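Just so you know, residue 1 is the first one in the sequence shown, and it goes up from there. Note that this is a predicted model, so its numbers are computed, not measured. In what follows, every heavy atom counts, from backbone to side chain, and hydrogens, waters and symmetry copies are set aside.
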Amino acid sequence: MRKVPPFFLAAATTVLVFLIALLSASAQWRPVKTGILFGISGIALVENSLDEMGCPPGTCFVIVHDNKIESDGRIAILTVRGQDSLDYLPLQWPDGEEWPIDLEAIALVPGTHDSAFMAVTSFGRVYYFTLDSTGTIQLRQIFSLPDLPENTNLEGFDLHLINGQLLAVWGHRGSPDDSGVLYWGWFDWNGYQISGQGSAVITVPWPEEDVRHISDIKVNNAGILYITSSRDPGDDGPFDSAVYAAGLFSMNGNAIEFRPASSLAPLYRINGHKIEALEFLPGLSGGKIFGTDDENQGSSIYINR
């Protein structure tokens, strides 16, 4: 793994803090769907082509909805075509399989040749599935995250390949009276189990009101943990969000180590939207895509390059 200098996180915060005003003032948000059933609570990049869907790699994303009634949608493919066109295609959950309730996050499974994903509910149920070229969901396994305290409410989950091992990272959202909590552990393919390796308290300085300290998480190739945080007073808002570089995962001998940022300052502040979905974009230029669950106002995306 590429080493990151210890001063990186503080330097990144200082250099990028000017983007706070830029993103809030100039962001062009693109509506996806209207209505409370179509909020985007998680997003993951499709790396392999889904030929029969006309979905080339790098332009399609799997999104999840946090619906609870069986007949309402759970998973869809979002295709981004150019600057103005978005295609939304709902996927059918496999007949006869356990229905997920309140999906809040999804992660691409790295290091596999399939279009493989893990989607996670707010109470830690994990649905591992693959997509074939037609976009058909093949449910492979259902399991649970380990040792979750009572009243845990998860909103973030990601998978990171480091030294040939698959690291799972998940986050309890918290509230104004309850800190967010980050957890991590090694995933074992043999038993579809995760062995917890540590946890850390996450408390963000902004938003200040009606805060969810963790509304999504993603770990980039260098091991840097990004989190989104949101203000959520209810189904009609008003909503606000922020993005933070919250720390760094790296190996210390044979052990995984998390070094939290020395201080948290928003890389971006976003007014008027509740970001619950974050994913990195492919290519040398990189970038991020944000997805919102704006409740009664539906969902939107913003691509930041």
Problem set entry | Rounded distance (nearest 0.5 Å) linking atom CG of Asp66 with atom OG of Ser41 | 4.5 Å
For this session: For a ring pair (Phe, Tyr, Trp, His ring centres under 6.0 Å) with His273, tell me which candidate from Trp29, Phe239, Phe290 qualifies.
Result: Trp29
For residues 169-184, which side-chain N or O atoms pair as donor and acceptor with protein atoms under 3.5 Å away, sequence neighbours left out?
| unit_1 | atom_1 | unit_2 | atom_2 | d |
| --- | --- | --- | --- | --- |
| His172 | ND1 | Asn153 | N | 3.0 |
| His172 | ND1 | Asn153 | O | 3.4 |
| His172 | NE2 | Asp178 | OD2 | 2.7 |
| Arg173 | NH1 | Glu155 | OE2 | 3.1 |
| Ser175 | OG | Asp177 | N | 3.4 |
| Ser175 | OG | Asp178 | N | 3.3 |
| Ser179 | OG | Thr203 | OG1 | 3.0 |

Exercise. Is any NZ, NE, NH1 or NH2 atom of the basic residue among Lys274 and Asp294 found under 4.0 Å from an Asp or Glu carboxylate oxygen of the other?
Worked result: no
Exercise. Should Leu89 and Phe117 be counted in the same cluster of Ile, Leu, Val, Met, Phe, Trp and Tyr side chains packed under 4.5 Å apart?
Worked result: yes
Exercise. Do Leu103 and Leu159 belong to the same hydrophobic cluster, where Ile, Leu, Val, Met, Phe, Trp and Tyr are linked whenever their side-chain heavy atoms lie under 4.5 Å apart, directly or via other members?
Worked result: no
Exercise. Is there side-chain contact between Val46 and Val62, with heavy atoms separated by less than 4.5 Å?
Worked result: yes
For this session: Group every Ile, Leu, Val, Met, Phe, Trp and Tyr by side-chain heavy-atom contacts under 4.5 Å, then state whether Leu50 and Val64 land in the same group.
Result: yes
For this session: Write down the atom of Ala261, the atom of Ala245, and the distance for their closest heavy-atom approach.
Result: CB-O, 3.7 Å
For this session: For the pair Arg81 and Asp87, find out whether any cationic side-chain nitrogen is under 4.0 Å from an anionic carboxylate oxygen.
Result: yes
Exercise. Should the pair Arg231-Glu208 be classified as a salt bridge under the 4.0 Å nitrogen-to-oxygen rule?
Worked result: no
Exercise. Is there a side-chain contact between Ser241 and Ser215 (heavy atoms, below 4.5 Å)?
Worked result: no
Exercise. In terms of the angle between their ring planes, are Trp99 and Trp93 parallel, tilted or perpendicular, with boundaries placed at 30° and 60°?
Worked result: tilted
Exercise. Within a strict 4.5 Å, meaning less than it, do heavy atoms of the Ile301 and Thr292 side chains meet?
Worked result: no
Exercise. Should we count CG of Asp72 as having more than 12 external heavy atoms under 6.0 Å?
Worked result: yes
Seminar exercise, completed: So CZ of Arg212 and CD1 of Ile214: to nearest 0.5 Å the spacing works out to 12.5 Å
Exercise. So Phe38 and His65, would you call those rings parallel, tilted or perpendicular, with 30° and 60° as cut-offs?
Worked result: perpendicular
Exercise. Going by atom types only, do Asp132 and Thr134 share a side-chain donor-acceptor pair under 3.5 Å?
Worked result: yes
Problem set entry | Exam field: side chain Thr228 to backbone Asp216, donor-acceptor pair closer than 3.5 Å | yes
Exercise. Taking a hydrophobic cluster as the set of Ile, Leu, Val, Met, Phe, Trp and Tyr residues connected by side-chain heavy atoms closer than 4.5 Å, whether directly or through intermediates, do Phe143 and Leu154 fall within one such cluster?
Worked result: yes
Exercise. With side chains defined as the heavy atoms from C-beta onward, is the minimum distance between Ile227 and Leu225 less than 4.5 Å?
Worked result: yes
Exercise. So how far is it from Ile137 CD1 to Leu91 CG, rounded to the nearest 0.5 Å?
Worked result: 5.0 Å
Problem set entry | Min side-chain heavy-atom separation Pro207-Ser229 under 4.5 Å | yes
Exercise. If you measure from CG on Leu78 to CD1 on Ile40, what distance do you get to the nearest 0.5 Å?
Worked result: 6.0 Å
Exercise. Are any of the side-chain heavy atoms of Tyr128 and Trp189 separated by less than 4.5 Å?
Worked result: yes
Exercise. Any donor and acceptor pair, going by atom type alone, linking the side chain of Glu279 with main-chain N or O of Leu45 inside 3.5 Å?
Worked result: yes
Exercise. To the nearest 0.5 Å, how far apart are CD1 in Ile142 and OH in Tyr127?
Worked result: 5.5 Å
For this session: Please check if the distance between the ring centroids of Tyr244 and Tyr226 is under 6.0 Å.
Result: no
Problem set entry | Minimum side-chain heavy-atom gap Val80-Arg30 below 4.5 Å | yes
Exercise. What distance do Ile162 atom CD1 and Met251 atom CE have between them, rounded to the nearest 0.5 Å?
Worked result: 6.0 Å
Problem set entry | Geometric cation-pi criterion Lys218 and Phe280, 6.0 Å radius, 45° cone | no
Exercise. Side chains of Trp206 and Leu264: closer than 4.5 Å at any heavy-atom pair?
Worked result: no
Exercise. Among side-chain atoms of Asn271 and Asp240, is any donor-acceptor pair under 3.5 angstrom?
Worked result: yes
For this session: Tell me, yes or no, whether the heavy-atom count around Gln92 atom CD, taken from other residues, nucleotides or ligands under 6.0 Å, exceeds 12.
Result: no
